[in-house]
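Okay, so here's the structure we're looking at.
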Number of protein chains: 2
Amino acid sequence: MMKDFECTQESYTKEVLREKGLKSTTQRLAVVHILHMSEKSLSIGEIHGGVKDMLGNTGLATIYRTLEMFEDLGIVKRLHFPDGGHGYAFSQGEHVHHMVCVDCRGVFDFSECPAENFDYASVEKQGFRVKDHFIQLFGQCGKCVEAA
Amino acid sequence: MMKDFECTQESYTKEVLREKGLKSTTQRLAVVHILHMSEKSLSIGEIHGGVKDMLGNTGLATIYRTLEMFEDLGIVKRLHFPDGGHGYAFSQGEHVHHMVCVDCRGVFDFSECPAENFDYASVEKQGFRVKDHFIQLFGQCGKCVEAA
DNA sequence: AAATTAATTGAAAATTATTCTCATTTAATA
DNA sequence: TATTAAATGAGAATAATTTTCAATTAATTT
Ligand SMILES: [Mn+2]
Ligand SMILES: [Mn+2]
Ligand SMILES: [Zn+2]
Ligand SMILES: [Zn+2]
């Protein structure tokens, strides 16, 4: 059998898993592949469907377990949509933020941080300490702008 | 019976509802009151509990309906926690962001926008148009910093 | 103040989302 | 190839959210 082409995302994931003593299972690598292939964010159900297409039957619980783990590891990011739904997007373990299209759920990530030179001290009242931030930009992708 | 003191949040809500031809029901005003009183963000269940304490039996569906409506109207903001849970916080219809304590879910809102002078054009690739953004700061509140 | 009426509610069922359990499988290592 | 701890799958169990529809109520009109 021909060895699959291994993209940056796949080898990155394997490396992170190995470092943590976690296994690089086919299911986990399939999740990475599905997300990596997609230009839009995917729901749990869509990821599950994609993995089943690749591997045949796969437990939904495994998808939940994998995504939670990947989020903790910084491999994927969970996005929150105005309609209450959620999507997942690859984030390569770097500090990236996402622009999401509210029409098609397409995603574009970017590494410039919108809060780059924000003075956190100005809002750290009453001893509050800012440790992290979540930023998500909403809008329409090029295609959806035209289609509208 | 003595007329209740009407705070800014309550009269603001009534006004928004009236403008939209929506009714200022006791349930809706109770939700505003509960959120306004709380220094932390509240889950759907907590809000439901609070409203039941004020009014006696209240349908959970009403709480869901109210919060969705309030979010659309900009009266409340839904917050997203790292553990996957959600909380709601009053937002007075203004453009505010929230700092949340990951330990106690306490919230502080602030009107300075961390992305104030971010150059959106720099990330609007391929025709993407940014229309809105969601920013949430994570950290620990003063109490939880001490307690830790 | 009563009548009117469209909006809203409550209750329960229905649906959807998420987690748990545990027997079986599998990736990593020796 | 044998060993073993980690991971999976199946399905049950929970939790979260939405739907339906008859009954109630806030706002408006007599
Ligand atoms: Mn950032
Ligand atoms: Mn969310
Ligand atoms: Zn789009
Ligand atoms: Zn706290």
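Within every chain, numbering begins at 1; the chains are lettered A, B, ... in the order of the sequence lines, protein sequences first and strands thereafter. Just the heavy atoms: all of them, side chains too, but no hydrogens, waters or symmetry mates, feed the values below.
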Are any side-chain N or O atoms of [X] and backbone N or O atoms of [Y], one a donor and one an acceptor, separated by less than 3.5 Å?
X	Y	answer
B/Lys77	B/Val96	yes
B/Ser38	B/Leu35	no
A/Gln126	B/Cys141	no

Can you sort out the partners of B/His86 under ring-ring contact (aromatic ring centres under 6.0 Å, His included), two or more places apart, ordered by chain and number? A/His86, B/His80

Residues which pass ring-ring contact (aromatic ring centres under 6.0 Å, His included) with A/Phe128, listed by chain and number, not counting sequence neighbours: B/Phe108

Using a distance-only test with no angle check, is there a side-chain donor-acceptor pair under 3.5 angstrom linking B/Gln136 and B/His98? no

For [X], side-chain hydrogen bond (donor to acceptor under 3.5 Å, both in side chains) partners two or more places apart:
X	result
A/Lys143	none
B/Tyr120	B/His133
A/Asp83	A/Arg105

Quiz: residues 19-34 of chain A side-chain donor-acceptor pairs under 3.5 angstrom, not counting sequence neighbours:
residue	atom	partner	partner atom	Å
A/Thr25	OG1	A/Arg28	N	3.1
A/Arg28	NH1	A/Lys23	O	2.7

Other ILVMFWY residues reachable from B/Phe138 by side-chain steps of under 4.5 Å: A/Leu79, A/Phe81, A/Val100, A/Val102, A/Val107, A/Phe134, A/Phe138, B/Leu79, B/Phe81, B/Val100, B/Val102, B/Val107, B/Phe134

Starting from A/Val145, walk the hydrophobic network (Ile, Leu, Val, Met, Phe, Trp, Tyr; side-chain heavy atoms closer than 4.5 Å) and list everyone else you reach, by chain and number. none

Mapping B/Arg18 and B/Glu68 onto DNA chain D by nearest heavy atom, which one lands closer to the 5' end? B/Glu68

Within [range], residues whose heavy atoms come under 4.0 Å of DNA chain D:
range	answer
residues 23-32 of chain A	A/Lys23, A/Thr25, A/Gln27, A/Arg28
residues 69-85 of chain A	none
residues 47-63 of chain A	A/Asn57, A/Thr58, A/Gly59, A/Thr62

Contact boundaries of DNA chain C with chain A (under 4.0 Å, heavy atoms), 5' to 3'? C/dA17 to C/dA28

